[in-house]
Amino acid sequence: QVQLVESGGGLVQAGASLRLSCAVSGHTFRLYDLAWFRQFLGKEREFVGGIRWHEANPNYVDSVKGRFTISRDNAREMVYLQMSSLKPDDAAVYYCAARYGPIYGEQDRIYDSWGQGTQVTVSS
């Protein structure tokens, strides 16, 4: 497992942009698949997007395609979630997650390392 620490959440107005960062430490960062999840109040965590260890193109849930961008910096051992055109519906606690192994997916149960989460609030 690795340790993950998110930062960058906050309160923004609808239409604004925000970048979340996740610092990863503990093992060979470049070999880990990374993902962002979010959890709405009273709901299960849902997959936002992810990027594989070999830096293939990220994939995203349909609701954020074209607005959110995931990137990773293997040298700095960081993963980012750039969010633009934010909507009130995007307000949630955002988590970064990591996993090591050949299976990649959108189910939160396959990720074995999680950050503590960072709150994103979007006012209308």
Side-chain angles (χ1 to χ4, degrees):
Q1 293 188 344
V2 292
Q3 292 75 50
L4 302 98
V5 179
E6 302 100 336
S7 61
L11 170 63
V12 296
Q13 290 190 327
S17 298
L18 198 62
R19 189 176 82 157
L20 305 183
S21 301
C22 179
V24 184
S25 63
H27 280 281
T28 310
F29 171 86
R30 63 182 176 83
L31 297 181
Y32 277 71
D33 295 334
L34 301 165
W36 287 93
F37 287 77
R38 62 186 179 184
Q39 187 168 23
F40 302 111
L41 190 63
K43 299 289 181 67
E44 302 275 327
R45 262 187 312 216
E46 70 170 29
F47 179 83
V48 174
I51 185 167
R52 298 224 59 186
W53 66 273
H54 46 74
E55 299 187 58
N57 292 331
N59 67 303
Y60 303 94
V61 67
D62 285 346
S63 59
V64 307
K65 282 181 182 176
R67 300 188 300 122
F68 289 13
T69 302
I70 293 173
S71 61
R72 63 188 294 164
D73 185 334
N74 284 348
R76 290 183 170 83
E77 299 187 338
M78 299 287 293
V79 60
Y80 304 100
L81 178 64
Q82 178 68 49
M83 304 183 291
S84 60
S85 302
L86 281 162
K87 307 173 183 179
D89 287 349
D90 294 315
V93 177
Y94 283 73
Y95 298 88
C96 62
R99 70 172 312 280
Y100 175 80
I103 300 173
Y104 176 73
E106 302 179 1
Q107 301 83 8
D108 61 357
R109 66 179 183 275
I110 70 171
Y111 291 83
D112 50 22
S113 299
W114 291 85
Q116 81 286 356
T118 185
Q119 177 72 51
V120 172
T121 304
V122 184
S123 62
S124 57

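Below, each value reflects all heavy atoms present in this structure, side chains not excepted, and no hydrogens, waters or symmetry copies.
Tracing side-chain contacts under 4.5 Å through hydrophobic residues (I, L, V, M, F, W, Y), one reaches V79 starting from V2; they form part of the same cluster. Under a hydrophobic clustering in which Ile, Leu, Val, Met, Phe, Trp and Tyr are joined whenever their side-chain heavy atoms come within less than 4.5 Å, directly or via other members, Y60 and V48 fall into the same cluster. L34 and V93 are not part of a single hydrophobic cluster, where members link through side-chain heavy atoms under 4.5 Å apart. One hydrophobic cluster holds both V61 and L18 under the rule that ILVMFWY side chains link at heavy-atom gaps under 4.5 Å. Cluster annotation: V64 is connected to L81 through the hydrophobic network of ILVMFWY side chains, with a link wherever side-chain heavy atoms come within less than 4.5 Å.
Heavy-atom minimum distance, A91 versus F40: O-CD2, 3.2 Å. The shortest non-hydrogen separation linking P88 to A14 is CD-CB, 4.1 Å.
Ring planes of Y100 and Y32: tilted class, angle from 30 to 60°.
Using a 4.5 Å heavy-atom threshold, the side chains of V120 and M83 count as touching. Contact of the Q82 side chain with the S17 side chain is registered, since non-hydrogen atoms from C-beta on lie closer than 4.5 Å. No side-chain heavy atom of E6 sits under 4.5 Å from any side-chain heavy atom of L20. Annotation: side chain of Y95 is not in contact with side chain of T118 (no heavy-atom distance under 4.5 Å). W114 is listed as a side-chain neighbour of D108, based on a closest heavy-atom distance under 4.5 Å. Looking at heavy atoms from C-beta onward, W36 lies in side-chain contact with I70 at the 4.5 angstrom threshold.
Taking a 6.0 Å sphere around CD of Q116, one finds it holds more than 12 heavy atoms contributed by other residues, nucleotides or ligands. Counting non-hydrogen atoms of other residues, nucleotides and ligands closer than 6.0 Å to CD of Q107 gives a total above 12.
Residues R38 and Y94 have side chains that bring a donor and an acceptor to within less than 3.5 angstrom of each other.
For the pair R45 (side chain) and Q39 (backbone), a donor-acceptor distance under 3.5 Å is absent. Judged by distance alone, with hydrogens and angles left aside, the side-chain atoms of E46 form no donor-acceptor pair with the main-chain N or O of F37 at under 3.5 Å.
Once rounded to the nearest 0.5 Å, the distance linking CG of L4 with SG of C22 reads 4.0 Å. Rounded to the nearest 0.5 angstrom, R67 CZ and S84 OG are separated by 7.0 Å. Taken to the nearest 0.5 Å, the CG atom of L41 stands 8.5 Å off from the CD atom of Q119.
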*Show your reasoning for whether salt bridge (charged side-chain N to carboxylate O under 4.0 Å, His left out) applies to K87 and D90.*
CA-CA 5 Å; K87 307 173 183 179; D90 294 315; over 6 Å; no

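Remark: R72 engages N74 in a side chain to side chain donor-acceptor pair (under 3.5 Å) (not counting sequence neighbours). Here Y104 pairs with D33, F47, R52, N59, Y111 under the side chain to side chain contact (heavy atoms under 4.5 Å, CB included) rule; sequence neighbours left out. Taking the side chain to side chain contact (heavy atoms under 4.5 Å, CB included) definition, one finds that S7 meets it with S21, sequence neighbours left out.
A cation-pi arrangement is absent between R99 and W53, since the terminal nitrogen or guanidinium carbon is not both under 6.0 Å from the aromatic centre and inside a 45° cone about the axis.
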